[in-house]
Amino acid sequence: MSDFDLIVSGGTIATASDTFQSDIGITNGRIVALAEGLNGAKATINAAGKMVLPGGVEAHCHIEQESAAGIMTADDYRSGSISAAFGGNTTIIPFAAQHRGQSLRDVVKEYHARAAPKSVIDYAFHLIISDPTDQVLGQELPALIMEGYTSFKVYMTYELLKIDDRQMLDVLSVARKHGAMTMVHAENNDVIDWLAARLLEAGNTAPKFHAMSHARIAESEASSRAIQLARLVDTPILIVHVSTEEAATAILSARNKGLKIFGETCPQYLFLTADDLDRDGMDGAKFCCSPPPRDANDQEAIWRGLKNDTFQVFSSDHAPYRFDDTGKLNAGPNPTFKKIANGVPGIELRLPLLFSEGVGKGQITINEFIALTSTNAAKIYGLHPRKGTIAVGSDADIAIWDTKREVTVTHDMLHDNMDYTPYEGMQLTGWPEIVINGGRVIVEDGDLQVSPGSGRFLERKPGHAAAVPSGNLPLELDPNRNFGADIL
Ligand code: URP
Ligand code: ZN
Ligand code: ZN
(Lines give C-alpha, C1' and ligand atoms only; values in the text may rest on other atoms or scores of the structure.)
(Ligands and ions follow the chains in the order given, each with its own letter.)
Protein backbone atom coordinates (compact mmCIF):
# COMPACT_ATOMS: atom_id res chain seq x y z
CA MET A 1 0.00 0.00 0.00
CA SER A 2 1.26 3.50 -0.82
CA ASP A 3 1.74 6.01 1.93
CA PHE A 4 0.97 8.92 -0.36
CA ASP A 5 -1.07 9.66 -3.46
CA LEU A 6 1.74 11.81 -4.83
CA ILE A 7 5.27 12.80 -3.89
CA VAL A 8 7.03 15.86 -5.28
CA SER A 9 10.65 14.97 -4.74
CA GLY A 10 14.02 16.67 -4.76
CA GLY A 11 12.94 20.26 -5.34
CA THR A 12 13.85 23.47 -3.56
CA ILE A 13 10.76 24.70 -1.74
CA ALA A 14 10.20 28.37 -1.07
CA THR A 15 7.47 29.95 1.03
CA ALA A 16 6.89 33.53 2.13
CA SER A 17 9.34 32.97 4.97
CA ASP A 18 11.75 30.13 4.11
CA THR A 19 13.66 28.36 1.36
CA PHE A 20 14.61 24.73 1.94
CA GLN A 21 15.17 21.32 0.36
CA SER A 22 12.37 18.83 0.95
CA ASP A 23 10.10 16.31 -0.64
CA ILE A 24 6.35 16.86 -0.34
CA GLY A 25 3.98 14.01 0.49
CA ILE A 26 0.40 14.53 -0.68
CA THR A 27 -2.69 12.54 0.27
CA ASN A 28 -6.36 13.36 -0.34
CA GLY A 29 -5.45 16.70 -1.87
CA ARG A 30 -3.52 17.95 1.14
CA ILE A 31 0.13 18.14 2.09
CA VAL A 32 0.69 15.50 4.75
CA ALA A 33 4.48 15.33 4.95
CA LEU A 34 7.50 17.56 4.37
CA ALA A 35 10.76 15.66 4.69
CA GLU A 36 13.70 14.45 2.65
CA GLY A 37 13.73 10.90 1.34
CA LEU A 38 9.95 10.30 1.22
CA ASN A 39 8.87 7.22 -0.68
CA GLY A 40 5.86 5.00 -1.15
CA ALA A 41 3.51 6.90 -3.45
CA LYS A 42 1.20 6.03 -6.32
CA ALA A 43 2.98 8.71 -8.38
CA THR A 44 6.13 10.79 -8.05
CA ILE A 45 7.13 14.02 -9.74
CA ASN A 46 10.87 14.59 -9.85
CA ALA A 47 11.47 18.28 -9.11
CA ALA A 48 15.26 18.11 -8.82
CA GLY A 49 16.81 21.35 -10.01
CA LYS A 50 13.45 23.15 -9.88
CA MET A 51 11.84 25.63 -7.49
CA VAL A 52 8.68 24.36 -5.81
CA LEU A 53 6.42 27.27 -4.87
CA PRO A 54 2.91 27.71 -3.49
CA GLY A 55 0.42 28.11 -6.34
CA GLY A 56 -0.48 31.70 -7.04
CA VAL A 57 -3.56 33.22 -5.45
CA GLU A 58 -4.91 35.62 -8.07
CA ALA A 59 -6.97 38.00 -5.97
CA HIS A 60 -8.11 40.54 -8.56
CA CYS A 61 -9.46 39.35 -11.90
CA HIS A 62 -12.60 39.96 -13.91
CA ILE A 63 -13.92 36.76 -15.42
CA GLU A 64 -17.24 36.26 -17.21
CA GLN A 65 -18.27 39.63 -15.86
CA GLU A 66 -20.36 42.28 -17.59
CA SER A 67 -19.04 45.81 -17.32
CA ALA A 68 -21.47 48.50 -16.23
CA ALA A 69 -21.82 49.34 -19.95
CA GLY A 70 -22.93 45.74 -20.58
CA ILE A 71 -19.76 44.46 -22.25
CA MET A 72 -18.85 40.87 -21.33
CA THR A 73 -15.22 40.02 -20.63
CA ALA A 74 -13.59 37.87 -23.31
CA ASP A 75 -12.73 35.16 -20.78
CA ASP A 76 -15.35 32.95 -19.25
CA TYR A 77 -14.61 30.65 -16.31
CA ARG A 78 -13.19 28.04 -18.66
CA SER A 79 -10.63 30.11 -20.55
CA GLY A 80 -9.99 32.42 -17.59
CA SER A 81 -9.22 29.63 -15.14
CA ILE A 82 -7.19 27.66 -17.69
CA SER A 83 -5.10 30.72 -18.46
CA ALA A 84 -4.63 31.31 -14.73
CA ALA A 85 -3.53 27.67 -14.25
CA PHE A 86 -0.94 27.85 -17.04
CA GLY A 87 0.41 30.96 -15.33
CA GLY A 88 1.09 29.07 -12.09
CA ASN A 89 -2.09 29.96 -10.20
CA THR A 90 -4.17 27.51 -8.20
CA THR A 91 -6.78 29.88 -6.74
CA ILE A 92 -8.66 32.76 -8.34
CA ILE A 93 -10.88 35.30 -6.62
CA PRO A 94 -12.87 37.04 -9.37
CA PHE A 95 -15.82 39.32 -8.79
CA ALA A 96 -19.54 38.69 -8.56
CA ALA A 97 -20.60 42.14 -9.72
CA GLN A 98 -23.80 43.81 -8.65
CA HIS A 99 -25.18 46.35 -11.07
CA ARG A 100 -27.66 48.91 -9.84
CA GLY A 101 -31.09 47.50 -9.15
CA GLN A 102 -29.84 43.93 -8.78
CA SER A 103 -30.20 41.82 -5.68
CA LEU A 104 -26.80 40.70 -4.37
CA ARG A 105 -28.21 37.28 -3.64
CA ASP A 106 -29.27 36.85 -7.30
CA VAL A 107 -25.88 38.07 -8.48
CA VAL A 108 -24.06 35.49 -6.37
CA LYS A 109 -26.33 32.72 -7.65
CA GLU A 110 -25.65 33.75 -11.22
CA TYR A 111 -21.85 33.75 -10.76
CA HIS A 112 -21.95 30.30 -9.20
CA ALA A 113 -23.80 29.08 -12.28
CA ARG A 114 -21.08 30.63 -14.45
CA ALA A 115 -18.11 29.25 -12.52
CA ALA A 116 -19.14 25.80 -11.31
CA PRO A 117 -19.28 23.95 -14.65
CA LYS A 118 -16.19 25.64 -16.04
CA SER A 119 -13.46 26.50 -13.55
CA VAL A 120 -10.44 24.19 -13.60
CA ILE A 121 -8.98 25.62 -10.39
CA ASP A 122 -10.33 26.56 -6.98
CA TYR A 123 -12.18 29.86 -6.71
CA ALA A 124 -13.91 32.23 -4.35
CA PHE A 125 -15.82 35.42 -5.16
CA HIS A 126 -15.37 38.99 -4.07
CA LEU A 127 -18.62 40.92 -4.36
CA ILE A 128 -18.90 44.28 -6.11
CA ILE A 129 -21.34 46.57 -4.31
CA SER A 130 -22.69 49.31 -6.58
CA ASP A 131 -26.14 49.68 -5.02
CA PRO A 132 -25.96 49.65 -1.21
CA THR A 133 -29.70 49.81 -0.54
CA ASP A 134 -31.14 49.22 2.93
CA GLN A 135 -31.95 45.66 1.85
CA VAL A 136 -28.37 45.07 0.72
CA LEU A 137 -26.74 46.65 3.77
CA GLY A 138 -29.18 45.32 6.34
CA GLN A 139 -29.80 41.82 5.07
CA GLU A 140 -28.16 40.52 1.93
CA LEU A 141 -24.61 41.61 2.65
CA PRO A 142 -24.43 40.46 6.30
CA ALA A 143 -25.96 37.11 5.33
CA LEU A 144 -23.55 36.66 2.42
CA ILE A 145 -20.54 37.53 4.58
CA MET A 146 -21.61 34.82 7.02
CA GLU A 147 -21.92 32.39 4.12
CA GLY A 148 -18.32 32.92 3.04
CA TYR A 149 -18.28 35.96 0.72
CA THR A 150 -16.05 37.91 3.07
CA SER A 151 -14.67 40.58 0.76
CA PHE A 152 -16.15 43.17 -1.55
CA LYS A 153 -15.07 45.96 -3.83
CA VAL A 154 -16.51 49.45 -4.01
CA TYR A 155 -15.83 52.07 -6.64
CA MET A 156 -15.26 55.79 -6.11
CA THR A 157 -15.46 56.32 -9.87
CA TYR A 158 -17.34 55.04 -12.96
CA GLU A 159 -20.73 56.75 -13.26
CA LEU A 160 -22.71 53.50 -13.04
CA LEU A 161 -20.73 51.86 -10.24
CA LYS A 162 -19.54 54.59 -7.92
CA ILE A 163 -20.85 55.09 -4.44
CA ASP A 164 -20.55 58.37 -2.56
CA ASP A 165 -18.70 58.90 0.71
CA ARG A 166 -21.78 58.43 2.83
CA GLN A 167 -22.55 55.13 1.13
CA MET A 168 -18.93 54.12 1.55
CA LEU A 169 -19.22 54.75 5.29
CA ASP A 170 -22.31 52.54 5.35
CA VAL A 171 -20.51 49.72 3.52
CA LEU A 172 -17.42 50.06 5.73
CA SER A 173 -19.62 49.86 8.83
CA VAL A 174 -21.10 46.57 7.63
CA ALA A 175 -17.60 45.29 6.88
CA ARG A 176 -16.47 46.24 10.37
CA LYS A 177 -19.44 44.74 12.09
CA HIS A 178 -19.20 41.40 10.30
CA GLY A 179 -15.45 41.10 9.85
CA ALA A 180 -15.18 41.53 6.08
CA MET A 181 -12.54 43.20 3.90
CA THR A 182 -13.42 46.15 1.67
CA MET A 183 -11.43 46.69 -1.51
CA VAL A 184 -11.51 50.24 -2.86
CA HIS A 185 -11.11 51.49 -6.42
CA ALA A 186 -9.84 54.91 -5.47
CA GLU A 187 -10.16 57.57 -8.16
CA ASN A 188 -12.05 60.87 -7.86
CA ASN A 189 -14.90 60.65 -10.35
CA ASP A 190 -15.54 64.39 -10.58
CA VAL A 191 -11.88 65.17 -11.31
CA ILE A 192 -11.84 62.57 -14.10
CA ASP A 193 -15.14 63.73 -15.57
CA TRP A 194 -14.22 67.40 -15.42
CA LEU A 195 -10.92 66.79 -17.19
CA ALA A 196 -12.49 64.42 -19.73
CA ALA A 197 -15.21 66.94 -20.63
CA ARG A 198 -12.61 69.60 -21.31
CA LEU A 199 -10.41 67.28 -23.34
CA LEU A 200 -13.34 66.14 -25.47
CA GLU A 201 -14.60 69.71 -25.97
CA ALA A 202 -11.17 70.57 -27.38
CA GLY A 203 -11.38 67.61 -29.77
CA ASN A 204 -8.88 65.45 -27.88
CA THR A 205 -10.45 62.03 -28.32
CA ALA A 206 -7.49 59.63 -28.83
CA PRO A 207 -6.70 56.83 -26.33
CA LYS A 208 -3.77 58.78 -24.83
CA PHE A 209 -6.23 61.30 -23.39
CA HIS A 210 -7.66 58.54 -21.21
CA ALA A 211 -4.43 58.72 -19.22
CA MET A 212 -4.61 62.53 -19.02
CA SER A 213 -8.19 62.49 -17.76
CA HIS A 214 -7.34 59.95 -15.06
CA ALA A 215 -4.91 62.41 -13.48
CA ARG A 216 -2.59 61.29 -10.70
CA ILE A 217 -4.36 63.74 -8.39
CA ALA A 218 -7.65 61.91 -8.95
CA GLU A 219 -6.04 58.77 -7.58
CA SER A 220 -4.10 60.28 -4.69
CA GLU A 221 -7.03 62.39 -3.48
CA ALA A 222 -9.41 59.44 -3.54
CA SER A 223 -6.86 57.14 -1.88
CA SER A 224 -6.32 59.61 0.94
CA ARG A 225 -10.07 60.09 1.32
CA ALA A 226 -10.69 56.34 1.43
CA ILE A 227 -8.01 56.01 4.10
CA GLN A 228 -9.68 58.70 6.21
CA LEU A 229 -13.11 57.09 5.82
CA ALA A 230 -11.69 53.72 6.86
CA ARG A 231 -9.98 55.43 9.78
CA LEU A 232 -13.24 57.01 10.88
CA VAL A 233 -15.10 53.70 10.79
CA ASP A 234 -12.04 51.96 12.13
CA THR A 235 -11.95 49.06 9.75
CA PRO A 236 -9.34 47.71 7.32
CA ILE A 237 -9.47 48.46 3.60
CA LEU A 238 -7.33 47.39 0.69
CA ILE A 239 -6.72 49.96 -2.05
CA VAL A 240 -6.55 48.10 -5.35
CA HIS A 241 -4.50 48.68 -8.50
CA VAL A 242 -2.31 51.52 -7.20
CA SER A 243 -0.43 53.27 -10.00
CA THR A 244 1.24 56.40 -8.62
CA GLU A 245 4.01 57.38 -6.26
CA GLU A 246 1.67 59.72 -4.38
CA ALA A 247 -1.01 57.12 -3.72
CA ALA A 248 1.68 54.64 -2.65
CA THR A 249 3.08 57.23 -0.23
CA ALA A 250 -0.39 57.80 1.27
CA ILE A 251 -0.76 54.06 1.89
CA LEU A 252 2.68 53.66 3.43
CA SER A 253 2.21 56.66 5.66
CA ALA A 254 -1.14 55.27 6.90
CA ARG A 255 0.49 51.90 7.57
CA ASN A 256 3.30 53.59 9.43
CA LYS A 257 0.69 55.16 11.70
CA GLY A 258 -0.59 51.68 12.48
CA LEU A 259 -3.74 51.84 10.37
CA LYS A 260 -4.84 48.62 8.72
CA ILE A 261 -4.60 49.92 5.19
CA PHE A 262 -3.46 47.41 2.60
CA GLY A 263 -2.23 48.07 -0.92
CA GLU A 264 -2.34 46.19 -4.18
CA THR A 265 -0.53 46.88 -7.43
CA CYS A 266 -0.42 45.15 -10.81
CA PRO A 267 1.94 44.37 -13.72
CA GLN A 268 0.63 47.23 -15.86
CA TYR A 269 2.08 49.74 -13.38
CA LEU A 270 5.52 48.14 -13.52
CA PHE A 271 5.85 47.34 -17.21
CA LEU A 272 3.65 49.79 -19.16
CA THR A 273 3.56 53.57 -19.30
CA ALA A 274 1.17 56.26 -20.55
CA ASP A 275 3.25 56.32 -23.77
CA ASP A 276 1.76 52.93 -24.63
CA LEU A 277 -1.62 54.63 -24.92
CA ASP A 278 -0.10 56.82 -27.63
CA ARG A 279 0.70 53.98 -30.02
CA ASP A 280 -0.34 54.23 -33.68
CA GLY A 281 -3.98 54.54 -34.62
CA MET A 282 -6.31 53.00 -32.08
CA ASP A 283 -3.63 50.60 -30.78
CA GLY A 284 -3.37 52.70 -27.62
CA ALA A 285 -6.84 51.38 -26.69
CA LYS A 286 -5.21 48.05 -25.85
CA PHE A 287 -3.53 49.74 -22.89
CA CYS A 288 -6.50 51.74 -21.56
CA CYS A 289 -7.19 50.71 -18.01
CA SER A 290 -8.06 52.59 -14.85
CA PRO A 291 -5.99 53.90 -13.25
CA PRO A 292 -3.82 54.15 -16.37
CA PRO A 293 -0.14 53.22 -16.61
CA ARG A 294 1.97 56.25 -15.65
CA ASP A 295 5.69 56.98 -16.20
CA ALA A 296 9.17 55.76 -15.28
CA ASN A 297 9.17 57.65 -11.99
CA ASP A 298 5.92 56.04 -10.88
CA GLN A 299 7.17 52.63 -12.03
CA GLU A 300 10.21 53.06 -9.76
CA ALA A 301 7.97 54.06 -6.86
CA ILE A 302 5.78 50.99 -7.43
CA TRP A 303 8.86 48.75 -7.40
CA ARG A 304 9.93 50.40 -4.14
CA GLY A 305 6.47 49.77 -2.73
CA LEU A 306 6.77 46.06 -3.42
CA LYS A 307 9.90 46.02 -1.31
CA ASN A 308 8.94 48.35 1.54
CA ASP A 309 5.55 46.85 2.45
CA THR A 310 3.39 49.53 0.83
CA PHE A 311 1.93 46.69 -1.22
CA GLN A 312 0.98 43.36 0.24
CA VAL A 313 -0.69 42.02 -2.88
CA PHE A 314 0.36 41.87 -6.53
CA SER A 315 -2.62 41.02 -8.75
CA SER A 316 -3.24 41.06 -12.48
CA ASP A 317 -6.55 43.00 -12.53
CA HIS A 318 -7.14 40.80 -15.57
CA ALA A 319 -9.97 42.63 -17.36
CA PRO A 320 -9.93 41.08 -20.83
CA TYR A 321 -11.60 42.98 -23.66
CA ARG A 322 -10.59 41.97 -27.16
CA PHE A 323 -9.38 44.54 -29.66
CA ASP A 324 -12.58 44.21 -31.69
CA ASP A 325 -16.25 45.11 -31.57
CA THR A 326 -16.93 42.67 -28.72
CA GLY A 327 -14.52 44.56 -26.45
CA LYS A 328 -12.31 47.61 -26.78
CA LEU A 329 -14.01 48.78 -29.98
CA ASN A 330 -17.56 48.02 -28.87
CA ALA A 331 -18.60 51.62 -29.54
CA GLY A 332 -17.21 51.56 -33.11
CA PRO A 333 -13.81 51.48 -34.83
CA ASN A 334 -12.81 54.97 -33.67
CA PRO A 335 -14.32 55.57 -30.24
CA THR A 336 -13.40 58.53 -28.09
CA PHE A 337 -11.26 57.57 -25.10
CA LYS A 338 -14.40 57.75 -22.92
CA LYS A 339 -16.01 54.89 -24.87
CA ILE A 340 -13.11 52.41 -24.81
CA ALA A 341 -13.70 49.42 -22.53
CA ASN A 342 -11.34 49.75 -19.57
CA GLY A 343 -8.96 46.97 -18.62
CA VAL A 344 -5.95 44.93 -19.69
CA PRO A 345 -5.38 41.16 -19.65
CA GLY A 346 -2.59 39.62 -17.56
CA ILE A 347 -3.76 36.59 -15.59
CA GLU A 348 -1.27 34.16 -17.19
CA LEU A 349 1.72 36.51 -17.15
CA ARG A 350 1.36 38.02 -13.67
CA LEU A 351 3.69 35.50 -12.01
CA PRO A 352 6.24 35.07 -14.83
CA LEU A 353 6.55 38.86 -15.22
CA LEU A 354 7.20 39.48 -11.53
CA PHE A 355 9.43 36.44 -11.19
CA SER A 356 11.61 37.35 -14.15
CA GLU A 357 11.87 41.09 -13.63
CA GLY A 358 11.58 41.09 -9.84
CA VAL A 359 13.28 37.97 -8.49
CA GLY A 360 15.51 37.37 -11.53
CA LYS A 361 16.81 40.94 -11.57
CA GLY A 362 17.27 41.22 -7.83
CA GLN A 363 14.46 43.68 -7.09
CA ILE A 364 12.70 41.33 -4.65
CA THR A 365 13.55 38.01 -3.03
CA ILE A 366 11.85 34.74 -3.89
CA ASN A 367 10.15 34.84 -0.47
CA GLU A 368 8.82 38.35 -1.09
CA PHE A 369 7.60 37.16 -4.49
CA ILE A 370 5.58 34.40 -2.81
CA ALA A 371 4.20 36.74 -0.15
CA LEU A 372 3.08 39.23 -2.80
CA THR A 373 1.56 36.75 -5.23
CA SER A 374 0.09 34.10 -2.95
CA THR A 375 0.46 34.14 0.84
CA ASN A 376 -0.65 37.68 1.66
CA ALA A 377 -3.76 37.49 -0.49
CA ALA A 378 -4.66 34.18 1.15
CA LYS A 379 -4.28 35.82 4.56
CA ILE A 380 -6.09 39.05 3.77
CA TYR A 381 -9.00 37.27 2.10
CA GLY A 382 -9.42 34.52 4.67
CA LEU A 383 -7.98 31.52 2.80
CA HIS A 384 -4.78 30.98 4.80
CA PRO A 385 -3.39 28.47 5.79
CA ARG A 386 -5.46 26.31 3.48
CA LYS A 387 -4.12 28.36 0.56
CA GLY A 388 -1.01 30.43 -0.01
CA THR A 389 1.71 28.27 1.49
CA ILE A 390 3.44 24.91 1.47
CA ALA A 391 2.87 23.40 4.91
CA VAL A 392 1.56 20.21 6.42
CA GLY A 393 -2.24 20.48 6.44
CA SER A 394 -2.46 22.99 3.58
CA ASP A 395 -4.05 22.15 0.26
CA ALA A 396 -1.50 20.69 -2.14
CA ASP A 397 -1.44 23.80 -4.35
CA ILE A 398 1.99 23.85 -5.92
CA ALA A 399 3.74 25.32 -8.94
CA ILE A 400 7.02 23.77 -10.03
CA TRP A 401 9.15 26.37 -11.78
CA ASP A 402 12.01 26.05 -14.20
CA THR A 403 13.74 29.23 -13.10
CA LYS A 404 16.14 29.19 -16.06
CA ARG A 405 13.66 28.74 -18.86
CA GLU A 406 13.79 31.66 -21.30
CA VAL A 407 10.56 32.75 -22.89
CA THR A 408 9.73 35.45 -25.41
CA VAL A 409 6.15 36.48 -24.75
CA THR A 410 3.74 36.22 -27.65
CA HIS A 411 0.00 36.17 -27.42
CA ASP A 412 -0.12 32.84 -29.30
CA MET A 413 1.44 31.01 -26.36
CA LEU A 414 -1.21 32.15 -23.88
CA HIS A 415 -4.43 30.32 -23.07
CA ASP A 416 -6.84 33.19 -22.59
CA ASN A 417 -9.53 34.15 -25.08
CA MET A 418 -7.90 37.45 -25.95
CA ASP A 419 -6.44 38.58 -29.25
CA TYR A 420 -3.44 40.46 -27.85
CA THR A 421 -1.18 40.78 -24.83
CA PRO A 422 0.18 44.15 -23.69
CA TYR A 423 3.47 42.38 -22.92
CA GLU A 424 4.13 41.06 -26.46
CA GLY A 425 7.85 40.59 -27.15
CA MET A 426 9.10 40.80 -23.56
CA GLN A 427 11.95 38.39 -22.80
CA LEU A 428 11.35 36.58 -19.54
CA THR A 429 13.38 34.06 -17.58
CA GLY A 430 11.56 31.53 -15.39
CA TRP A 431 8.29 29.71 -16.06
CA PRO A 432 5.87 27.51 -14.07
CA GLU A 433 5.97 24.10 -15.77
CA ILE A 434 3.92 21.80 -13.57
CA VAL A 435 0.93 23.06 -11.59
CA ILE A 436 -0.88 21.08 -8.91
CA ASN A 437 -4.19 22.13 -7.33
CA GLY A 438 -5.66 20.19 -4.42
CA GLY A 439 -3.29 17.32 -5.21
CA ARG A 440 -4.43 17.13 -8.85
CA VAL A 441 -1.81 17.73 -11.52
CA ILE A 442 -3.60 20.34 -13.61
CA VAL A 443 -0.84 21.47 -15.98
CA GLU A 444 2.05 19.28 -17.17
CA ASP A 445 4.00 18.92 -20.42
CA GLY A 446 2.36 22.06 -21.73
CA ASP A 447 -1.10 20.47 -21.53
CA LEU A 448 -4.17 20.87 -19.35
CA GLN A 449 -4.66 17.63 -17.42
CA VAL A 450 -8.12 18.21 -15.89
CA SER A 451 -11.66 18.93 -17.02
CA PRO A 452 -13.64 22.14 -16.75
CA GLY A 453 -15.73 22.14 -13.60
CA SER A 454 -13.15 20.33 -11.49
CA GLY A 455 -12.20 23.45 -9.50
CA ARG A 456 -13.89 23.88 -6.12
CA PHE A 457 -15.71 26.85 -4.62
CA LEU A 458 -13.94 28.11 -1.50
CA GLU A 459 -16.13 29.22 1.34
CA ARG A 460 -14.37 31.65 3.63
CA LYS A 461 -14.85 32.51 7.26
CA PRO A 462 -15.62 36.08 8.29
CA GLY A 463 -13.51 37.74 10.91
CA HIS A 464 -10.13 37.51 9.23
CA ALA A 465 -10.29 41.09 8.11
CA ALA A 466 -11.31 42.87 11.28
CA ALA A 467 -11.56 42.15 14.94
CA VAL A 468 -14.88 43.68 15.85
CA PRO A 469 -15.29 45.35 19.20
CA SER A 470 -18.65 45.05 20.86
CA GLY A 471 -21.05 47.96 20.62
CA ASN A 472 -23.07 49.58 17.90
CA LEU A 473 -21.75 51.91 15.28
CA PRO A 474 -21.42 54.79 15.17
CA LEU A 475 -22.14 55.85 18.75
CA GLU A 476 -19.31 53.97 20.39
CA LEU A 477 -16.84 54.79 17.68
CA ASP A 478 -13.47 56.07 18.71
CA PRO A 479 -11.76 57.41 15.59
CA ASN A 480 -8.36 57.36 17.24
CA ARG A 481 -8.29 53.64 17.76
CA ASN A 482 -7.65 50.92 15.28
CA PHE A 483 -9.19 47.55 15.82
CA GLY A 484 -7.91 45.89 12.68
CA ALA A 485 -6.73 42.38 13.53
CA ASP A 486 -3.14 41.37 12.89
CA ILE A 487 -3.70 39.86 9.52
CA LEU A 488 -0.17 40.54 8.36
O1 URP B 1 -9.49 49.33 -16.00
C2 URP B 1 -9.74 48.45 -15.23
N3 URP B 1 -8.99 48.23 -14.17
N4 URP B 1 -10.83 47.73 -15.47
C5 URP B 1 -11.31 46.72 -14.67
C6 URP B 1 -12.27 47.22 -13.67
C7 URP B 1 -11.58 47.72 -12.45
O8 URP B 1 -11.81 48.86 -12.10
O9 URP B 1 -10.81 47.01 -11.82
ZN1 ZN C 1 -10.99 48.88 -10.16
ZN1 ZN D 1 -10.32 45.31 -11.55
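In listed order, ligands and their atoms are each counted from 1. Each residue takes its place number in the sequence, starting with 1. For clarity, every value in this text was computed on a predicted model and none was experimentally measured.
Looking at H126 and S151, their side chains do bring a donor and an acceptor atom within 3.5 Å of each other. In the model, Q228 has a side-chain atom that pairs as donor or acceptor with a side-chain atom of R231 under 3.5 Å. With 3.5 Å as the limit, one finds no donor-acceptor pair spanning the side chains of H99 and E66. Residues N89 and E58 bring no donor and acceptor atom of their side chains to less than 3.5 Å of each other. Using a 3.5 Å distance cut-off with no hydrogens or angles, the side chains of D325 and N330 do not pair a donor with an acceptor.
Taking a cut-off of under 4.0 Å to the non-hydrogen atoms of K153, the atoms of ligand 1 that pass are 7 (C), 8 (O), 9 (O). Ligand 1 places these atoms under 4.0 Å from at least one heavy atom of Y158: 1 (O), 2 (C), 4 (N), 8 (O). When each atom of ligand 1 is checked for a heavy atom of H60 under 4.0 Å away, the hits are 9 (O). The contact set between ligand 1 and D317, taken as ligand atoms under 4.0 Å from a residue heavy atom, comprises 2 (C), 3 (N), 5 (C), 9 (O). Taking every heavy atom of S290 and a limit of under 4.0 angstrom, the matching atoms of ligand 1 come to 1 (O), 2 (C), 3 (N).
Taking 2.8 Å as the criterion, H241 does not count as a coordinating residue of the Zn ion (ligand 3), since none of its N, O or S atoms falls below it. With a cut-off of 2.8 Å, the Zn ion (ligand 2) has an N, O or S atom of K153 in range.
Counting heavy atoms under 4.0 Å from ligand 1, residue C289 touches it through both backbone and side chain.
For H62, the N/O/S atom at the shortest distance from the Zn ion (ligand 3) is named NE2. No other N/O/S atom of D317 lies as close to the Zn ion (ligand 3) as OD1 does. When distances from the Zn ion (ligand 2) to the N, O or S atoms of H185 are compared, ND1 comes out shortest. The Zn ion (ligand 3) lies closest to atom NE2 when only the N/O/S atoms of H60 are considered.
R294 CZ: more than 12 foreign heavy atoms inside a 6.0 Å radius. Annotation: D134, atom CG; neighbour count of heavy atoms from other residues, nucleotides and ligands within 6.0 Å does not exceed 12.
Using modelled atom types, one side-chain atom of E64 and one backbone atom of Y77 make a donor-acceptor pair closer than 3.5 Å.
Between F369 and W401, the ring planes lie perpendicular to each other; the angle is over 60°, past the 30° to 60° tilted range.
Summary of contacts: the protein heavy atom closest to atom 8 (O) of ligand 1 is H185 ND1, 3.0 Å. The protein heavy atom nearest to atom 4 (N) of ligand 1 is N342 O, 3.3 Å. The nearest protein atom to atom 6 (C) of ligand 1, hydrogens excluded, is given as H62 NE2, 3.5 Å; this is a heavy-atom distance.
Checking each of H60, H62, H241, H214 against H185 for a ring-ring contact (aromatic ring centres under 6.0 Å, His included) leaves exactly one that passes, namely H241.
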